[in-house]
Amino acid sequence: MIGEALQLSRLVKRYDDTLAVDDLSLTVNAGEFMSVLGPSGSGKTSILSMVAGFERPSSGEIIIGSKEVTQLAPNDRNIGMVFQKYALFPHLTVRQNIAFPLKLKKRWKETWQSRADEMLELVQLASFADRLPAQLSGGQQQRVAVARALAFEPPLMLMDEPLGALDKKLREAMQIEIKRIQQSVGATILYVTHDQEEALTMSDRVAIMKSGRVMQIGTPIELYRSPKSTFVADFVGRMNFLEGESFARQDGGQDIRLCESITLTMPADYRSQTVSSVGQERVTIALRPEMLGIEAREETKPNRIPGVVEHSIFMGAHEVLIVRLSLPGRPAVEAQVPHVFSASPFKPGQEVDVIVEPNAMCCFSASERSAA
Ligand code: ADP
Ligand code: MG
C-alpha cells in the first residue's frame, strides 16, 4: 500500500473578508477514500488548495504521514492531483504525459518507461499510448490524468470534481474505475464533489461541508441513516420534512403531535438523538421517501397520516407518489413505492394513509433548524 494518512488540524482560510474554511480538523486514514461534499462556495476547493500547497492556510497545520508540510512548496509535498480540467500536456502523447512526472523523480530515473507502461495497463489505455490528448474522449483523457497522478506512487491523491465535465454514463463508469485503481494500489484519496450520489458510492467516509465548516463526517450509511442536522438530512439523499411538537412520554418514548388529531408515537429506542427527552418542544421530523408506506385509507390506526395522492410518477424500478397530507398547511410528501407490473394501484385524487415506521424517522429540535 502506498497511501499515507492526512491530518488537517484547526485549518483556517480567510480571503480578505471571506472565511472560506473555518477551523477544520479532519483525518483521512492511510488508504482511505474520503470525500468532501458540499454546495458551491462551501470551501471544498480551498481545502484542497491548502493541502496541495497552492494556498497558505491563515492558521492551522497539515500533516502527511508523520511529516508536517504546512509551509512546504507544492513540489515538495509529493501529492498526486487530478482536477476537473484534465490539464494534460496537449503536445505530448498519452505515454509521454504519464511519464512526465516520473522523469522528474529520482526514484523512477531508471524505470520510468516500464512504469509508464504499467500505468497504461492499469487504466486500460495501452493501445492509446501514442495518441495525443485531443484524439481521446473526455473519459479517456481523465483516465490519463488519473494514471499520471498515480504513476509516481504519491502517498496522497487530491481530486477536485474530476468528473464534473463528463456526461452521466461516463461519469458513473469513471467512478468505478477510479475506485478500482485506488483500491488496487491502496492510495489515500481526498476527493471533492458537489454530487452526493458520487460521494456516497465512492467513499469510505464523507465530510459534509457548509459555509467553511464540517457539519458531519461519517460513512455513507451513517450519513444517510443518522444525519445529525436538517442540513445533512436534506443534502444527503431525498428527504421529507414535517413540523410538529414532541412530548416526552413516561416510558421514555416520545409522542410527536403533527396536529390536534394526528400524533406519531415513538418508542424509547427510536433514532432521534437531537431532541431533549424531557418536556415538550417544537420539532422537525425527517422521513425518507422509500421508508414511507402508502396504503388505502383505513379507520384510524397509529402512526398513519391521512392524505390524497396528487401525482404518481413512473421511475422504472419504482414509483414516486406525491401525497398531499391532511395537516395544517397541507404539506406534500414524496413516497417511493415499488413498481408493480400491473397498473399503479394509486391514482391521483385517491385517499390514502402514509404509514410512518418509527425507525424510519429522524427528529430534530426546531431550534437546531434555525441555528444550522
Ligand atoms: P467550493 O470549492 O466549495 O465551491 P471554494 O473553496 O472555491 O468553495 O470557495 C469558498 C469561499 O471562498 C467562496 O465564498 C469563494 O468565493 C471564496 N474564495 C475562494 N477562492 C478565493 C480567492 N482566491 N479570493 C477570494 N475569495 C475566494
Ligand atoms: Mg470548488
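Order of appearance sets the numbers: ligands from 1, and atoms from 1 within every ligand. Hydrogens, waters and symmetry mates are skipped; everything else that's a heavy atom, side chains included, is used.
- Residues of the protein with a heavy atom under 4.0 Å from ligand 1 are Tyr15, Thr18, Ala20, Pro39, Ser40, Gly41, Ser42, Gly43, Lys44, Thr45, Ser46, listed by chain and number.
- For the Mg ion (ligand 2), protein N/O/S neighbours under 2.8 Å (waters excluded) are Thr45 OG1.
- Ion pairing between Asp195 and Arg171 holds under the 4.0 Å rule for side-chain N and carboxylate O.
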Side chain to side chain contact (heavy atoms under 4.5 Å, CB included) for Lys228 and Phe364? Distances and angles first, verdict last. CA-CA 8 Å; Lys228 290 194 166 31; Phe364 303 98; 5.7 Å; no

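- Between Glu32 and Arg205, at least one side-chain N (NZ, or NE/NH1/NH2) sits under 4.0 Å from a carboxylate O, which counts as a salt bridge.
- In the displayed structure, Gln183 atom CD is contacted under 6.0 Å by more than 12 heavy atoms of other residues, nucleotides or ligands.
- For the pair Arg115 and Phe152, the cation does not sit on the ring face, since its NZ or CZ is not both under 6.0 Å from the ring centre and inside 45° of the axis.
- Arg95 forms no cation-pi arrangement with Phe100, by the criterion of a distance under 6.0 Å to the ring centre and an angle within 45° of the ring axis.
- Asn303 pairs in a side-chain contact (heavy atoms from CB on, under 4.5 Å) with only one of the listed residues (Asp353, Val354, Thr265), which is Thr265.
- With respect to Glu295 and Arg304, a salt bridge is recorded, a charged nitrogen being found less than 4.0 Å from a carboxylate O.
- With respect to the salt-bridge test (charged N to carboxylate O, under 4.0 angstrom), the residues Asp167 and Lys169 do not qualify.
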